[in-house]
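Note that the numbering runs from 1 along the sequence shown for the chain. Order of appearance sets the numbers: ligands from 1, and atoms from 1 within every ligand.
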Amino acid sequence: MKMSIRGPVRVRFAPSPTGFLHVGGARTAIYNDLVRQNLGGSLVLRIEDTDRERSDPAMTRGIQEALAWVGVAWDEGPHLQSERLERHRQRAEELLTAGAAYPCFCTPAQLEPLRQEAQRQGRTFRYPRTCLSLTSEAVESRKKAGAPWVVRLRMPDDAIRFSDLVRGEMEFAAEVLDDFVLLRSDGSPTYHLSVVVDDIDMEISLVLRGEDHLSNTPKHVALFRALGAPLPRFGHLPLILGTDKKRLSKRTGATSVEEFRDQGILPEALYNYLALLGWSPADGREILSRAELIEAFDLERLGTSAAVFDPEKLLWLNGQHLWKLPLSELLERLEPFLEETGLPAAAGTPELGVVAGLHQVRARTLKELAEQLRPYFEDQVSWDETASREYLAKEAGLADLLAELAGRYRQAEPFAKEELERLLRELAETRGVKAAALIHPTRMALTGTTAGPPLFDVVEALGRQRAVPRMEDYARHLARLSPQEVGAPAEGG
Ligand code: GLU
């Protein structure tokens with residue numbers, strides 16, 4: 001049976017700074033943020049940097065930046081685990097003194113054949129407790145002789161049970177657990193020791209982490225008990241799979257928070273999306289702000305099945321959040337993407353607000369939006385050659401018709417969408433063609449594509465100076481592409 005939790009809670013997010021913040025880690029951080037905000041209490045940020053070789057201070061900074069960007073608010077820390085090694089050792093010494101842990105002199109060379117044998121027989125390797133029965137004299141004389149030794153926890157002889165917030169009652173038989181190492185022969189604490197001592201000292205009341213840690217939890221439970229500390233509650237979040245149903249990896253696209261940021265995903269959309277990977281509100285809403293997610297969050301509704309990370313769904317959700325942004329906010333967020341697209345001059349111009357507003361509902365990311373704005377601020381557009389050649393150039397007389405429309409637009413007064421629409425429809429009618437037959441090439445001429453916001457908004461936003469010459473150029477281009485001209489020498493212009 002799952003049991004609920006009342007606040008306030010003390011939760012933690014404990015990343016290892018060995019790489020960028022991955023969406024799996026971000027999801028864990030977000031769930032801890034949601035619980036803490038929903039129930040009250042504190043979220044502690046702890047950097048588990050004890051693996052000196054793989055940890056990188058730049059990553060520690062990067063992870064904090066990525067957390068802050070996505071909207072996770074921690075109350076304490078970052079605490080660096082590497083600064084607490086002495087404390088971890090001290091707690092292991094206490095266990096040694098109390099007889100709850102013991103020194104082990106077995107060398108890796110001695111244990112390796114046993115490990116291999118266990119593997120051959122398809123069972124879990126368990127340390128055979130060779131050194132558990134050593135007398136204190138034997139221990140002392142081996143230490144004096146300089147033999148290397150590690151410290152192992154003496155595991156209880158019974159099964160380990162705990163209740164998991166996601167998976168309910170868990171039981172691990174004693175046979176699958178062994179007396180694991182707390183201190184290595186160089187005196188350094190293992191991950192299991194550091195994490196438990198820190199969770200005790202930081203008074204963590206709920207450990208909410210990824211399912212990949214589930215097999216560690218019985219060890220941690222035994223260690224909490226040996227250290228005489230109350231058990232926190234545990235919750236293990238289901239794995240995140242890629243669309244190929246395998247564990248999420250680079251194979252199926254971006255995986256780090258930084259990559260999504262650089263693609264123009266909004267932080268609130270990523271937060272929203274990740275919050276729904278393993279939980280959903282009772283009323284089925286999908287588009288929620290952080291505040292709404294916090295309000296709706298309920299630990300009792302955590303799901304057990306693996307969640308699939310679907311980039312298309314994220315893009316859709318991002319589009320929804322993008323669409324909701326007030327224009328001033330949109331422009332602010334868009335600025336770095338405009339700069340990246342090479343359109344710095346556009347930022348802050350009045351037209352920018354107009355055209356960004358026109359395209360706001362059509363872009364799924366800030367990057368896409370910036371790309372869509374190119375035709376408004378660049379002198380040249382590149383026309384879709386396939387569509388031009390395959391469809392538009394095959395319409396007899398279209399080039400002339402477009403040139404004629406350009407002429408009328410040159411004289412249009414005012415150069416405003418209602419008048420521009422009237423002129424186009426009038427021309428279509430006098431020539432006996434459908435308005436659509438003129439709308440498509442005009443859009444292509446002006447924006448290089450066959451889809452976009454309402455055409456007359458686009459023409460008005462471009463303005464006479466840009467729109468008319470572009471239509472004339474494209475009319476000439478179409479004339480060159482027309483079947484009767486194929487094979488003729490290309491003209492300039
Ligand atoms: N440092 C561990 C990791 O990055 C997390 C440990 C924990 O949450 O207990 O996977």
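- Atom 8 (O) of ligand 1 has as its closest protein heavy atom Arg12 NH1, 2.8 Å.
- In this structure, Arg152 satisfies the cation-pi test against Tyr127, with its NZ or CZ atom closer than 6.0 Å to the six-membered ring centre and inside 45 degrees of the ring normal.
- Near Arg209, meaning under 4.0 Å from one of its heavy atoms, ligand 1 places the atoms 7 (C), 8 (O), 9 (O).
- Of the candidates Ala14, Gly19, Ser194, it is Ala14 that places a heavy atom closest to atom 2 (C) of ligand 1.
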(message) If you apply the rule salt bridge (Lys or Arg N to Asp or Glu O under 4.0 Å), what do you find for Arg36 with Asp75, and how did you get there?
(response) CA-CA 10 Å; Arg36 177 258 174 270; Asp75 304 278; 2.8 Å; yes

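- Nearest non-hydrogen protein atom to atom 10 (O) of ligand 1 is His213 NE2, 2.9 Å.
- Residue contacts with ligand 1 do not include Phe13, since none of its heavy atoms lies under 4.0 Å from the ligand.
- Taking every non-hydrogen atom of Val195 and a distance limit under 4.0 Å, the qualifying atoms of ligand 1 come out as 9 (O).
- Scanning the protein heavy atoms around atom 1 (N) of ligand 1, the nearest turns out to be Glu48 OE1, 2.6 Å.
- Results of the side chain to side chain contact (heavy atoms under 4.5 Å, CB included) test with Leu223 over Leu95, Val195, Asp199, Val197 single out Leu95 as the only residue that passes.
- Other residues, nucleotides and ligands contribute more than 12 heavy atoms inside 6.0 Å of the CZ atom of Phe224.
- Electrostatic pairing of Arg261 and Glu258 does not count as a salt bridge here, judged by no charged N lying under 4.0 Å from a carboxylate O.
- Stacking of Lys219 on the aromatic ring of Phe180 is recorded, both the 6.0 Å distance cut-off and the 45° axial limit being met.
- Ligand 1 is never approached by His220 to a heavy-atom distance shorter than 4.0 Å.
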